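Below is one structure, written out as structure tokens, with a few remarks after it.
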Amino acid sequence: MGQKQMSASTRQIREANLRAVLHHMWDSGPVTGSDLMAATGLTRATVHDVCEDLVRLGWIHELENQREHGGYRMGRPARRYAFRPTVGVVVGVDCGAHRATATVADLRGRTLARHSRAFSGPEHRPKERLDVLGRTIREALEAASPAAEQVLAVAVGVPAPVDVDGRPTGTASPFWERMNPDIAEQLAQRHGWTVLVDNDANLAALAEGWRGAGRGARNFVTLLTGERLGAGIVEGGRLLRGARGRAGEMGFLELVEGVGSPSGLAALARDWAREAVGDPQAHPTSSLRKLDPQDIDAQAVFAAAAAADPLAEEVLDRLGTRFARVVSVLAVLLDAERIVLAGALAGSYTGILQIIERNLPVCANPPLPTLVASELGGDVVSVGAVRQALDHVSEHALEIELSGSVLAPQGQVPK
């Protein structure tokens with residue numbers, strides 16, 4: 001074996017050791033060398049060498065002598081190290097059709113600031129979309145200052161499929177093109193950030209697997225249920241994207257009898273309730289009739305149904321019958337163990353879940369998936385975007401130059 005091959009092999013081993021120690025420390029409290037030896041299988045000398053490298057790189061720091069704090073009375077005190085979760089920040093963005101919401105978080109996912117801005121309307125132009133998106137992120141970062149001095153990654157969720165590089169996938173839909181005017185490249189050029197772009201339902205699935213109703217499940221589907229349906233599919237613990245990033249697109253529902261479109265729960269609840277109050281013979285005592293039809297939204301419908309309003313209950317029953325078919329299609333196609341209904345109104349889905357579950361056995365054969373409502377509400381996409389940004393930083397940590405770190409020459413792992 002030549003000298004160059006040995007050097008390359010040594011670097012690979014060193015990098016693997018750095019990653020193993022950093023990965024363990026990322027989500028743990030202060031640790032000693034003995035803790036790291038037990039977690040990684042490395043020798044004591046290697047552990048301390050690796051920790052010194054990670055200190056120089058800026059990812060961890062060595063804590064003060066524990067004896068000074070009463071932790072030791074005899075013998076040599078153990079050296080202790082801790083991860084630095086505030087050495088940089090990540091930003092997770094839900095960039096929907098109507099508004100952009102940016103969440104700034106530290107490297108353990110703790111929210112530092114959140115900011116939201118609306119677009120002028122659903123038909124806004126690409127320039128406005130990029131301008132508002134950039135402004136929303138900057139304002140969220142300003143609110144998180146001084147913690148946000150170094151932005152390590154920005155992840156953006158859009159209501160459109162994207163390829164592996166975050167770019168639009170073809171020209172199948174003008175709406176998809178409008179929702180993602182090459183956001184990753186444009187924001188990177190304008191602001192110098194590392195930008196990741198993904199489908200909003202995919203990010204919602206990441207959020208549910210991290211902090212929501214998907215925890216502990218290896219196979220589940222997160223269904224965004226607002227204006228239009230979109231599914232994030234987790235198979236064997238991994239997000240399923242498809243060859244062109246279109247896994248989970250729900251346009252095929254136009255072909256499903258009794259469904260007919262990918263319209264979401266919120267859109268249908270609003271539209272059907274407005275349609276019903278337009279008929280003077282339909283439940284004339286309904287509380288929804290006290291509202292201007294244009295003020296009737298899904299939230300009002302679900303609240304009225306919870307108060308036993310007959311018109312609203314009729315709308316929910318109709319929704320439940322339709323969505324039992326949607327859920328049964330997903331159950332048959334994907335054999336998911338759990339289906340999570342997510343979105344801003346998911347906290348109001350108790351009644352609709354009961355109706356879907358009542359109708360589901362008519363549409364699908366057992367075993368049936370468990371059906372649950374998300375507890376993440378309207379934050380589900382931005383939470384998932386934060387998770388994606390954290391995953392990117394963790395994966396590329398050794399390639400990232402942190403402010404104040406003492407680095408080896410570019411491209412080399414510290415010796």
Side-chain angles (χ1 to χ4, degrees), residues 17-33 35-36 38-40 47 50-51 53-64 80-94 101-115 137 140-157 193-196 198 202-216 234 237 239 374-377 379-405:
N17 292 343
L18 285 163
R19 291 185 183 280
V21 171
L22 182 57
H23 178 76
H24 176 76
M25 295 185 66
W26 203 290
D27 295 314
S28 70
V31 295
T32 64
D35 296 330
L36 292 171
T40 64
V47 159
V50 167
C51 285
D53 287 344
L54 290 173
V55 168
R56 285 197 295 272
L57 288 168
W59 289 108
I60 71 172
H61 64 110
E62 185 169 0
L63 300 177
E64 296 179 18
R80 297 183 305 143
Y81 305 94
F83 180 68
R84 299 175 62 200
T86 59
V87 74
V89 299
V90 297
V91 185
V93 187
D94 179 2
T101 300
T103 299
V104 182
D106 70 14
L107 297 185
R108 286 205 170 121
R110 182 174 66 93
T111 297
L112 303 175
R114 180 176 287 121
H115 190 72
I137 295 170
L141 289 168
E142 289 169 4
S145 184
E149 291 181 357
Q150 188 166 13
V151 180
L152 302 186
V154 175
V156 182
W193 299 322
T194 295
V195 182
L196 318 166
D198 207 340
N202 285 346
L203 296 183
L206 288 181
E208 295 296 342
W210 180 32
R211 290 183 170 171
R215 283 176 295 185
V234 174
L239 196 61
S374 170
E375 297 181 354
L376 299 178
D379 295 331
V380 64
V381 174
S382 61
V383 169
V386 166
R387 180 68 265 172
Q388 187 185 59
L390 288 172
D391 289 343
H392 176 86
V393 173
S394 177
E395 181 181 354
H396 297 278
L398 300 184
E399 304 161 25
I400 295 173
E401 182 174 342
L402 298 174
S403 298
S405 61

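Given the structure is predicted, the values throughout are model-derived calculations rather than measurements.
Val89 has its side chain within reach of Leu112: a pair of non-hydrogen atoms, C-beta onward, lies under 4.5 Å apart. Put simply, the side chain of Met25 reaches to within 4.5 Å of the side chain of Leu36, judged on heavy atoms.
Side chains of Glu399 and His396: a donor on one and an acceptor on the other come within 3.5 Å.
The heavy-atom pair separating Thr194 from Leu152 by the smallest distance is CB-O, 3.9 Å. Across all their heavy atoms, Ala205 and Leu239 have their closest contact at CB-CD1, 3.9 Å. Across Gly88 and Leu107, no two heavy atoms sit closer than the pair O-CG, 3.6 Å. Closest non-hydrogen pair, Gln150 versus Glu401, comes out as NE2-O, 2.8 Å. When all heavy atoms of Glu64 and Arg80 are compared, the closest pair comes out as O-NH2, 3.5 Å. A pairwise comparison of heavy atoms in Arg215 and Gly209 identifies CG-O, 3.4 Å as the closest pair.
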* Asked: When you look at Val91 and Val151, which way does the side-chain contact (heavy atoms from CB on, under 4.5 Å) test go after all the steps?
  -> CA-CA 8 Å; Val91 185; Val151 180; 4.3 Å; yes
* Please report the C-alpha distance between Val93 and Thr103 in whole Å, then the side-chain angles of each, then the deciding distance to 0.1 Å, and finally whether the side-chain contact (heavy atoms from CB on, under 4.5 Å) criterion is met. => CA-CA 6 Å; Val93 187; Thr103 299; over 6 Å; no
* Go through the steps to decide whether His61 and Tyr81 satisfy the test side-chain contact (heavy atoms from CB on, under 4.5 Å), and finish with yes or no. => CA-CA 6 Å; His61 64 110; Tyr81 305 94; over 6 Å; no
* Asked: Checking side-chain contact (heavy atoms from CB on, under 4.5 Å) for the pair Leu57/Leu402: CA distance, chi angles, key distance, verdict?
  -> CA-CA 7 Å; Leu57 288 168; Leu402 298 174; 5.8 Å; no
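Thr101 meets the side chain to side chain donor-acceptor pair (under 3.5 Å) test with Ser116; sequence neighbours excluded. Arg108 pairs by the salt bridge (Lys or Arg N to Asp or Glu O under 4.0 Å) definition with nothing, not counting sequence neighbours. A search for side chain to side chain donor-acceptor pair (under 3.5 Å) contacts involving Arg110 returns Asp106, not counting sequence neighbours. Applying the side chain to side chain contact (heavy atoms under 4.5 Å, CB included) criterion to Ala155, with sequence neighbours excluded, gives Leu196, Ala385, Gln388, Ala389. Annotation: side chain to side chain contact (heavy atoms under 4.5 Å, CB included) contacts of Ala397 (sequence neighbours excluded): Leu22, Trp26, Trp59. With sequence neighbours excluded, the residues forming a side chain to side chain contact (heavy atoms under 4.5 Å, CB included) with Asp379 are Arg114, Ser382, Val383, listed by chain and number.
Distance check: Asp198 CG to Leu206 CG gives 7.0 Å after rounding to the nearest 0.5 Å. Atom CZ of Arg211 sits about 8.0 Å away from atom CZ of Arg387, to the nearest 0.5 Å. Note that OG1 of Thr32 and CG of Leu63 are 11.0 Å apart. Values are rounded to the nearest 0.5 Å.
No more than 12 heavy atoms of other residues, nucleotides or ligands shown are found within 6.0 angstrom of NE2 on His23.
Within the 3.5 Å criterion, the main-chain N or O of Leu203 finds no donor-acceptor partner in the side chain of Glu208. Side-chain atoms of Thr111 do not come within 3.5 Å of backbone N or O of Ala113 as any donor-acceptor pair. In this structure a side-chain-to-backbone donor-acceptor pair under 3.5 Å is missing from Ser394 to Leu390. Side chain of Arg19 to backbone of Glu395: a donor-acceptor contact under 3.5 angstrom is found.
Considering Ile60, Thr40, Val31 in turn, Thr40 is the only one that fulfils the side chain to side chain contact (heavy atoms under 4.5 Å, CB included) rule with Val21.
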